[in-house]
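Letters A, B, ... are given to chains in the order of the sequence lines, protein chains preceding strands, and every chain is numbered from 1. All values below were derived from every heavy atom in this structure, side-chain atoms included, with hydrogens, water molecules and symmetry-related copies excluded.
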Amino acid sequence: MTGFTNASTGISGGAKLVVSCPANVSVTVSKGDKSYTKNSGTLGSATFKGLTTGTWTIVISGNGQTATRTIEITADYSITIAFFSATIKITYPASSTCVVTNESGQTVASNTNTDTSAKTWTATVNATGTYTVTATDGTSSKSQSVEITAEGQFETVELGYALVIFEAGKGLSDGFTLTTSGTISKSVTADKISLTTTSNNSGQGTIKPSIDLSQYSTLTVTAARKAVASAYSSAQIRLLTKETADQTDSSSVVAQAAITGSLTGGELYDITIDVSSISDTVFLNFGCWTGASIEITSIKLT
Amino acid sequence: MKIYIDNDYKCHVSPGEGLREFDVPFFDGKCDEFIEGYRYIPDGETWTNENGVKCSGTSPWKDYNELRKAQAEYEHGLLIDLQTNSVAISDADTAYQEGVNGTYG
């Protein structure tokens, strides 16, 4: 005796059980207080429809013989589904493509920007999870993760590629200049920026124009304090809300870091300031106090 | 101004277990909310951000716009106090002068 069920039709109608057995015998299926009997006919097959989920007992009898089997039938399935929609507002650079991928790496939304300026679009996702938003222009790329946890959630992503302000071998990038204030001398070549103060003098250099930090998370400056007049000499990288600020005036300083080095001059090293919580437009300023001199070979925002 | 930093280099205005004390002029005149929205990484040390980049210096970890608003409100409050005290001093001086010159009544 063989039998099979077709549970895919279990939409409130139960399952179908087809019992294959010798011809012209009695076939009875039962579960609990329910019992159904059919004859297998000349084809040796009896079909029972509408059977509910559970263990059914199958008994065939004929010609003085009896055989019994049991079969587990699954006729009921359940699934929970609800409407879900969350949106991600994305701003990404010019001449780039932007994709949103889910945790499995599948692309769930994409957009192309052929303009010469940044573009904003809205991606809709239909499930919770961690999504990665990536923009690329074929050379540079930038990604950011977004956590979606609730229906109707709205998130904003702004992507920007690295902004190189100064790079050794190329000098100051187009559009940027370095101005000074105080008793300080400057030298700007293709390879480095030098700011020099002597004796007890102080001065500062400011990169113009000011920079919108909203798309960047770190500022990295490769620099070193190359000379000092005394143990009181010091140098700083500062992000200011105005072009210049005295050494003791912190009211316009948003962030800062010391440029250190031995008193006899230090090796160049990377100084990175976290600017991820700063969405303001600021001036990048280098302060050289009481006879400190510095060299800079790279300035980059990422 | 004395501030205290935790293992994540976040600033606190009061001492506590596990906090290190530093005197940081950058925070002179700043309100508590402003100070506690900053990270201070002492010279020679670095803090590694979520992308694995080692950072140094003093920078906000809370939205700087919110910190700036808090500082502005704090300074505005100080100005109101100053003005109130200025009026009180002026009134006291007037009363004193009236007493000296016998011009009261």
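Taken from CD1 in I259(A) to OG in S56(B), the straight-line distance is 10.0 Å, to the nearest 0.5 Å.
Using a 4.5 Å cut-off between heavy atoms, N49(B) touches chain A through its side chain atoms alone. The part of S251(A) that comes within reach of chain B is its backbone (N, CA, C, O), which places non-hydrogen atoms under 4.5 angstrom from that chain. Within the 4.5 angstrom heavy-atom criterion, only side-chain atoms of S279(A), from C-beta onward, approach chain B. Interface remark: P25(B) contributes backbone atoms only to the contact with chain A (heavy atom separation under 4.5 Å).
Every residue was checked against the salt bridge (Lys or Arg N to Asp or Glu O under 4.0 Å) condition with K300(A), not counting sequence neighbours, and none meets it.
A salt bridge links D249(A) to K242(A): one of the charged nitrogens lies within less than 4.0 Å of a carboxylate oxygen. A salt bridge links E45(B) with R20(B): the closest approach of a Lys/Arg side-chain nitrogen to an acidic carboxylate oxygen falls below 4.0 angstrom. At a threshold of 4.0 Å, the pair E243(A)-K208(A) counts as salt-bridged, since one of the basic side-chain nitrogens sits closer than that to a carboxylate oxygen.
Residue with the most contacts toward chain B among V275(A), V253(A), I271(A): V253(A) (heavy-atom pairs, distance under 4.5 Å). Contacts with chain B were tallied for T248(A), D280(A), L219(A); D280(A) has the most, counting heavy-atom pairs under 4.5 Å.
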